[in-house]
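Presented below is the structure to which this report refers.
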Amino acid sequence: MSWGFLRDLLSGVNKYSTGIGRIWIAVVFIFRLLVYVAAAEDIWKHEHDEFECNIKQPGCENVCFDHFFPVSHIRLWALQLIMVSTPSLLVVFHVAYQENREKRHNQKLYKSAGERDGGLLCTYLVSLILKTGFEIVFLVLFYKLYNGFKVPRLVKCDIRPCPNTVDCYISKPTEKMIFLYFLVATSCLCIVLNLSELSYLIFKYFIKRYLKRYIKKHQ
Amino acid sequence: MDWGALHTILGGVNKHSTSIGKIWLTVLFIFRIMILVVAAERVWGDEQHDFVCNTLQPGCKNVCYDHFFPISHIRLWALQLIFVSTPALLVAMHVAYRRHEKKRQFRKGDQKCEYKDIEEIRRQRFRIEGSLWWTYTSSIFFRLVFEAVFMYAFYFMYDGFRMPRLMKCNAWPCPNTVDCFVSRPTEKTVFTIFMIAVSSICILLNVAELCYLLTKFFLRKSKKAGNNKHHSNHENKEETKQNEMNELISDSCQNTVIGFTS
């Protein structure tokens with residue numbers, strides 16, 4: 001079980017997406033997933049080993065690391081990627097459910113394609129709202145947990161068993177900061193794509209309804 | 001998700017590229033991505049662990065390492081490769097969009113559609129002309145820009161392409177100017193120069209491809225102008241009429257809304 005599973009899932013959703021949805025999938029694959037696997041993971045690999053405090057007191061380093069990094073950046077990043085991709089499953093389930101029902105009853109359940117598409121459209125819109133929601137939640141979580149997106153070189157720690165305020169040094173802070181900013185930028189780009197897709201679909205739906213009503217009136 | 005997936009995505013673009021484009025893609029995968037994964041990652045694998053400073057002061061090593069390597073070579077190369085491969089996706093998306101339109105035309109039973117079945121549409125290779133030419137040329141332009149930007153960033157960040165053996169560091173909390181020793185500097189220099197050389201080859205290939213496309217474009221334009229001037233016979237009138245009709249059809253196909261209403 002690895003990122004390949006997520007990749008297969010998103011490829012499956014590609015079929016039912018709009019053009020903007022496909023751009024979103026490409027951005028997630030290339031600028032988030034690939035960057036995570038190919039570059040970011042290695043930066044945080046030995047973060048605990050390379051976290052150094054100016055003290056010999058056993059346990060002090062562990063306690064300070066745990067205090068400043070309750071959940072590591074890289075784990076939050078991975079969780080964000082998983083949560084943001086999961087709403088697309090709703091669309092896949094909906095399509096599978098419809099096809100299953102049609103097979104079981106051996107007939108077309110909906111009188112028109114429009115009615116069926118209406119249900120799928122609802123599911124798609126819900127998945128878009130959930131995706132955007134998760135993105136925003138994780139960005140806020142990052143901001144709140146780490147006081148912004150900066151990674152300092154030095155943190156001062158005075159938790160027991162540290163005997164006084166000790167200096168602790170984080171490894172590769174600049175590189176971590178660069179990749180955090182990259183993560184935030186791609187997150188924001190994905191939020192913008194989701195919101196544009198949402199407005200586009202809602203706008204199209206209302207135009208279609210208005211046109212139908214207009215045609216019916218004149219018939 | 002790894003470099004193999006990128007290979008699958010870009011492999012599809014290969015069919016619609018020019019010969020120079022195909023050479024560029026091969027150079028990218030064999031001399032850059034493969035070298036990065038198979039060799040370079042091992043060379044830089046132990047970089048902070050084996051970065052040693054002549055001091056026992058805790059924290060000095062971390063701070064000095066961060067000062068001299070704000071972003072590791074390996075990560076910069078990975079980002080460069082990702083950014084340089086991305087413009088080819090524009091071409092892939094454009095081709096996919098055209099295929100989608102042709103499939104819809106075919107399904108509607110359009111007489112103008114000249115394909116026998118869906119499989120032929122899937123296998124068809126589009127010529128680089130019209131709007132695809134513009135997409136393809138813009139993708140090459142963006143590739144060039146990204147390559148140049150990353151090469152400059154490298155040069156700027158590391159003061160050239162050499163990896164020194166010894167660096168002198170006096171950032172706090174180092175008590176004074178300490179000597180810090182980089183691990184495997186010669187091997188790292190060799191790989192850096194290799195990657196820069198291959199980058200330059202890729203830049204040259206892109207420039208050559210750009211010139212080739214521009215030359216073809218201007219030749220085609222002058223041929224058309226020449227044809228319109230000197231040959232005003234019935235056959236050409238029919239040809240231009242057919243071209244206009246084809247343009248009208250393709251325009252109307254492109255204006256149709258895709259998505260849930262299809």
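In what follows, chains are A, B, ... by sequence order, proteins preceding strands, each numbered from 1.
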Legend entry - Heavy-atom pair count under 4.5 Å with chain B, highest-scoring of A:Ile55, A:Ile23, A:Asn54, A:Asp42: A:Asn54
Inset, instruction - Check the side chains of A:Thr174 and A:Arg153 for a donor-acceptor pair under 3.5 angstrom, ignoring hydrogens and angles. - result: no
Inset, instruction - Against chain B, label A:Asp49 side chain, backbone, both or neither, depending on which of its atoms sit under 4.5 Å from a heavy atom there. - result: neither
Legend entry - Segment of A:Leu154 engaging chain B (4.5 angstrom heavy-atom cut-off): side chain
Inset, instruction - Could you tell me which of B:Ala78, B:Gly59, B:Ala96 has the largest number of non-hydrogen atom pairs under 4.5 Å with chain A? - result: B:Gly59
Inset, instruction - Could you tell me if the ring centre of B:Trp3 sits under 6.0 Å from that of B:Phe29? - result: no
Legend entry - Top contributor to chain A contacts, counting heavy-atom pairs under 4.5 Å, from B:Gly45, B:Ser72, B:Cys60, B:Ser85: B:Ser72
Inset, instruction - Could you look at A:Cys53 and say if it's the side chain, the backbone, both or neither that has a heavy atom under 4.5 Å from chain B? - result: backbone
Legend entry - Contacting moiety of B:Leu36, where chain A heavy atoms sit under 4.5 Å: neither
Legend entry - A:Tyr36, part contacting chain B, at a heavy-atom distance under 4.5 Å: neither
Inset, instruction - Walk me through it: do A:Thr186 and A:Val35 pass the test side-chain contact (heavy atoms from CB on, under 4.5 Å)? - result: CA-CA 11 Å; A:Thr186 48; A:Val35 167; over 6 Å; no
Legend entry - Check: A:Tyr169 main-chain N/O paired with A:Glu52 side-chain donor or acceptor under 3.5 Å: no
Inset, instruction - Compute whether any side-chain donor of one residue and acceptor of the other, for B:His94 and B:Ser131, lie under 3.5 angstrom apart. - result: yes
Inset, instruction - Mind running side-chain contact (heavy atoms from CB on, under 4.5 Å) on B:Phe154 and B:Trp77 for me, showing each step along the way? - result: CA-CA 9 Å; B:Phe154 237 103; B:Trp77 279 329; 3.2 Å; yes
Inset, instruction - Could you tell me whether B:Phe69 and B:Tyr65 have their ring centroids closer than 6.0 angstrom? - result: yes
Legend entry - Toward chain B, the part of A:Phe182 with a non-hydrogen atom under 4.5 Å: side chain
